[in-house]
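Throughout, a chain's letter reflects where its sequence line sits, starting with A, and its residues are numbered from 1.
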Number of protein chains: 2
Amino acid sequence: MTETFRTELMRGSLDLMILSVLAEGEKYGYLIQQSLRESSNGRADPKAGTLYPLLQRLETDKLIRSRWESETGRRRKWYNLTAKGKKKLQSQAQEWFELSACLNKLLEPVVQISPEPA
Amino acid sequence: MTETFRTELMRGSLDLMILSVLAEGEKYGYLIQQSLRESSNGRADPKAGTLYPLLQRLETDKLIRSRWESETGRRRKWYNLTAKGKKKLQSQAQEWFELSACLNKLLEPVVQISPEPA
DNA sequence: AGGTATGTATCGGGAGTCTATATATAGGTA
DNA sequence: TACCTATATATAGACTCCCGATACATACCT
């Protein structure tokens, strides 16, 4: 298995990743963590000490909302994108694509061509 | 003119950008700043208080080396990639492409198609 | 003489991720 | 029973990195 992405590299896009995962539907923290880990093939794996403060921050900014669910076995806090959160996801994605294009252009002349694994 | 990229979005890739700019050839701090600003159409524009400590950090890590040049008018500190720095540029670029692919896959189902400006 | 651009550098503050720790419950096993 | 692991959320302190403010110095223009 490959390593996880460096912390400093992840920093820029972690909010965007969480918002993307939540766009798939309502999820609780631990499930968000699992979803992201799986969809990134283990490369993106924020720790609990990162994730929960991040979710609190997103909720403070009203990008997500939460509800407690304790009926069915475990105590879980389910999160959902707000309308504001959906807009934010769109604009952050747009900004990320632009950064991506910018960096691709910068890297184009300097990267070595390496053979793709068959 | 469009806005600069958000600080938090930039954080992950600023080192990589500086290394890329230096791959074009020997440059001094102020010139690195200008090069990056121009090649990013003004979207990436790290401040002096960011750039100079960053360059010191890269030099401490032996990814770049420097020499003072005071003969021709202004006092300038010219920076160059080391062999280690070139390797780092390759590996960080590789990692960035992988993160990029990961995020593209995540965003694919959630982003709206917006018409390209003609 | 004064203002702007060039050029490098440090300091304090703020934001965000890490590790470590705390708490609690469900399920499996010795 | 007792223990261990996975599940589930949360906080505290340490650390890194970027920013704005500030400092200093020189070249050029008006």
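Of the side-chain N and O atoms in B:Q34, one or more sit less than 4.0 angstrom from OP1 or OP2 of C:dT6. For C:dT17, one of the phosphate oxygens OP1 or OP2 lies less than 4.0 angstrom from a side-chain nitrogen or oxygen of A:R57.
Taking atom CZ on B:R6 and atom C1' on D:dC17, their separation rounds to 16 Å, with Å as the unit. In this structure, A:K27 places its NZ atom 16 Å from P of D:dT7, rounding to the nearest Å. When the C1' atom of C:dT6 is taken as reference, atom CZ of B:R37 falls 11 Å away, rounded to whole Å. As rounded to whole Å, 14 Å separates atom P of C:dT4 from atom OH of B:Y30. A:I18 places its CD1 atom 9 Å from the P atom of C:dT17, with the value rounded to the nearest Å. Atom CG in B:D61 sits roughly 12 Å away from atom C1' in D:dT16 (whole-Å rounding). Rounded to an integer number of Å, the gap from A:L55 CG to D:dT11 C1' is 15 Å. The interatomic distance linking A:L9 (CG) with C:dC18 (C1') rounds to 16 Å, in whole Å.
B:Q94 pairs with exactly one of B:E98, B:Q92, B:Q90 by the side-chain hydrogen bond (donor to acceptor under 3.5 Å, both in side chains) rule, that one being B:E98. The only member of B:Y52, B:W78, B:Y79 that meets ring pair (Phe, Tyr, Trp, His ring centres under 6.0 Å) when paired with B:Y28 is B:W78.
Here the straight-line distance linking atom CG of B:L31 with atom CD of B:E24 works out to 9.0 Å at 0.5 Å rounding. With rounding to the nearest 0.5 angstrom, the CD atom of B:E26 is 9.5 Å from the OG atom of B:S66. Between B:R43 atom CZ and A:L103 atom CG the span is 13.0 Å, to the nearest 0.5 Å. With values rounded to the nearest 0.5 angstrom, B:L81 atom CG is found 10.0 Å from B:K27 atom NZ. Note that the OG atom of B:S91 and the NZ atom of B:K88 stand 5.5 Å from one another [nearest 0.5 Å].
Of the candidate nucleotides C:dT19, C:dA15, C:dA5, C:dA15 has the atom lying nearest to any side-chain atom of B:E8.
Backbone-only engagement by A:L14 is indicated by non-hydrogen atom pairs under 4.0 Å involving sugar-phosphate atoms exclusively. In this structure, B:L51 reaches neither bases nor backbone, as no heavy-atom distance under 4.0 Å exists between it and the strands shown.
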What N/O pairs connect the protein and nucleotides 9-13 of chain C at under 3.5 Å? Give each pair on its own line.
unit_1, atom_1, unit_2, atom_2, d
C:dA9, OP1, B:K77, NZ, 3.3
C:dT10, OP2, B:Q56, OE1, 3.3
C:dT10, OP2, B:Q56, NE2, 2.8

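A donor-acceptor contact under 3.5 angstrom links the side-chain atoms of B:R11 to the base of D:dC17.
For the pair B:T7 and A:Y28, both in contact range of DNA chain D, the more 5′-proximal nearest nucleotide belongs to A:Y28.
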